[in-house]
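First the structure, which I've put down as structure tokens, then a few questions once you've had a look.
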Amino acid sequence: AINLMEFDSGMQQARSAHMQCLAELRRFWSGASSKRASEKSVLQSSIDRLVDFNHAVARANTEYQALMEKYPQSVQLLCTYSTFCDTVLNDPSRANELRKKAAALREDEEEEDIVNDDVKQAALERRSERSGTSGNDSDVDDGRVKIQKQFSSWSGAIFG
């Protein structure tokens with residue numbers, strides 16, 4: 001539970017810094033396209049905004065790197081960091097590398113879920129076979145097994 005809280009807090013800080021980067025970019029382009037100010041003030045304002053942007057990028061990158069060290073197998077983190085690499089760092093090769101890693105982890109999780117579902121299903125069938133096979137009890141057990149199989153096949157989609 002503590003690791004989950006720590007992860008959520010870190011993700012919130014990283015996303016906040018990520019959003020700050022985007023806000024600074026927006027401020028830069030808004031100021032740079034201003035027709036009302038003198039060239040000198042636009043230039044100084046642009047420089048100030050770029051400095052602010054660089055500080056925000058450094059903060060966000062530090063947050064993401066710290067999370068990557070602690071949670072390198074987090075699909076959510078990999079996807080979010082890949083977006084940061086794409087939209088802020090303009091590093092599509094790093095972003096694609098992170099996305100590929102996330103996709104591979106997703107596939108591994110899905111395969112593990114399938115194996116776990118098969119093991120659960122086999123255990124339910126063995127329990128059903130052992131639990132007496134007289135008339136109504138067998139029908140009830142068969143019904144339970146069918147419901148459990150159906151639930152197991154949908155539980156991954158429902159619970160993630």
> Given the rule in the salt bridge (Lys or Arg N to Asp or Glu O under 4.0 Å) test, do Lys100 and Glu97 qualify, once you have shown the distances and angles that lead to the verdict?
Replying inline: CA-CA 5 Å; Lys100 285 178 186 175; Glu97 181 182 305; over 6 Å; no
>> Could you check whether Arg49 and Ser45, counting side-chain N and O atoms only, form a donor-acceptor pair closer than 3.5 Å?
In response: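 Their side chains do contain a donor-acceptor pair, which is all the 3.5 Å distance test asks for.
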If you look only at distance, which donor and acceptor atoms sit under 3.5 Å apart when one is on a side chain in residues 12-23 and the other is two or more places apart or in another chain?
{"from": "His18", "atom 1": "ND1", "to": "Tyr64", "atom 2": "OH", "distance (Å)": "3.0"}
{"from": "Gln20", "atom 1": "NE2", "to": "Glu24", "atom 2": "OE2", "distance (Å)": "2.7"}

> How long is the gap from OG1 on Thr80 to CE on Met11, to the nearest 0.5 Å?
Replying inline: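 If we round to the nearest 0.5 Å, Thr80:OG1 and Met11:CE are 3.5 Å apart.
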> How about Val88 and Thr83: do any of their side-chain heavy atoms sit closer than 4.5 Å?
Replying inline: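 Heavy-atom side-chain distance check fails, nothing below 4.5 Å.
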> Do Asn96 and Arg99 touch side chain to side chain, with heavy atoms closer than 4.5 Å?
Replying inline: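 Side chain of Asn96 against side chain of Arg99, heavy atoms only: contact under 4.5 Å found.
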Please list every donor-acceptor pair under 3.5 Å in which a side-chain atom of residues 66-73 meets a protein atom from a residue at least two apart or in another chain.
{"from": "Lys70", "atom 1": "NZ", "to": "Glu6", "atom 2": "OE2", "distance (Å)": "2.4"}
{"from": "Tyr71", "atom 1": "OH", "to": "Asn3", "atom 2": "O", "distance (Å)": "3.4"}
{"from": "Tyr71", "atom 1": "OH", "to": "Glu6", "atom 2": "OE2", "distance (Å)": "3.3"}

> Under the side-chain hydrogen bond (donor to acceptor under 3.5 Å, both in side chains) test, which residues partner Ser93, sequence neighbours left out?
Replying inline: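 Here the qualifying residues are Asp91.
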> Judged by atom type as modelled, is there a donor-acceptor pair below 3.5 Å linking the side chain of Ser9 to the main-chain atoms of Met5?
Replying inline: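 Looks like no, no N/O pair under 3.5 Å.
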> Does Gln76 have any side-chain hydrogen bond (donor to acceptor under 3.5 Å, both in side chains) partners at least two apart in sequence or in another chain, and if so, which?
Replying inline: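 By the side-chain hydrogen bond (donor to acceptor under 3.5 Å, both in side chains) rule, Gln76 matches no residue at all.
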> Under 4.0 Å between a Lys/Arg side-chain N and an Asp/Glu carboxylate O for Asp48 and Arg27?
Replying inline: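 Salt bridge: no.
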>> Regarding Tyr81 and Asn61, do their side chains bring together a donor and an acceptor under 3.5 Å, going by distance alone?
In response: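 Looking only at side-chain atoms, Asn61 and Tyr81 do form a donor-acceptor pair, the distance falling under 3.5 Å.
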> side-chain hydrogen bond (donor to acceptor under 3.5 Å, both in side chains) with Asn54: which residues, sequence neighbours excluded?
Replying inline: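 Counting only residues at least two positions away or on another chain, Asn54 forms no side-chain hydrogen bond (donor to acceptor under 3.5 Å, both in side chains).
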>> Taking the side chain as everything from C-beta on, heavy atoms only, tell me whether Cys79 gets closer than 4.5 Å to Lys101.
In response: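 SC-SC contact between Cys79 and Lys101 ruled out.
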> Does Ser30 use its side chain to pair, donor to acceptor, with the backbone of Arg26 at less than 3.5 Å?
Replying inline: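 The answer is no, because no donor-acceptor pair under 3.5 Å joins these two groups.
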>> Applying side-chain hydrogen bond (donor to acceptor under 3.5 Å, both in side chains), can you list everything that pairs with Asp52, at least two apart in sequence or on another chain?
In response: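 Testing Asp52 for side-chain hydrogen bond (donor to acceptor under 3.5 Å, both in side chains), a comparison that skips the adjacent residues, returns none.
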>> Hydrophobic clustering (ILVMFWY, side-chain heavy atoms < 4.5 Å, transitive) - are Trp29 and Leu50 grouped together?
In response: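 Shared cluster, yes.
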> Of the non-hydrogen atoms in Cys85 and Leu98, which two are nearest, and what is the gap between them?
Replying inline: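 Looking at all heavy atoms of both residues, the shortest contact is SG-CD1, 3.9 Å.
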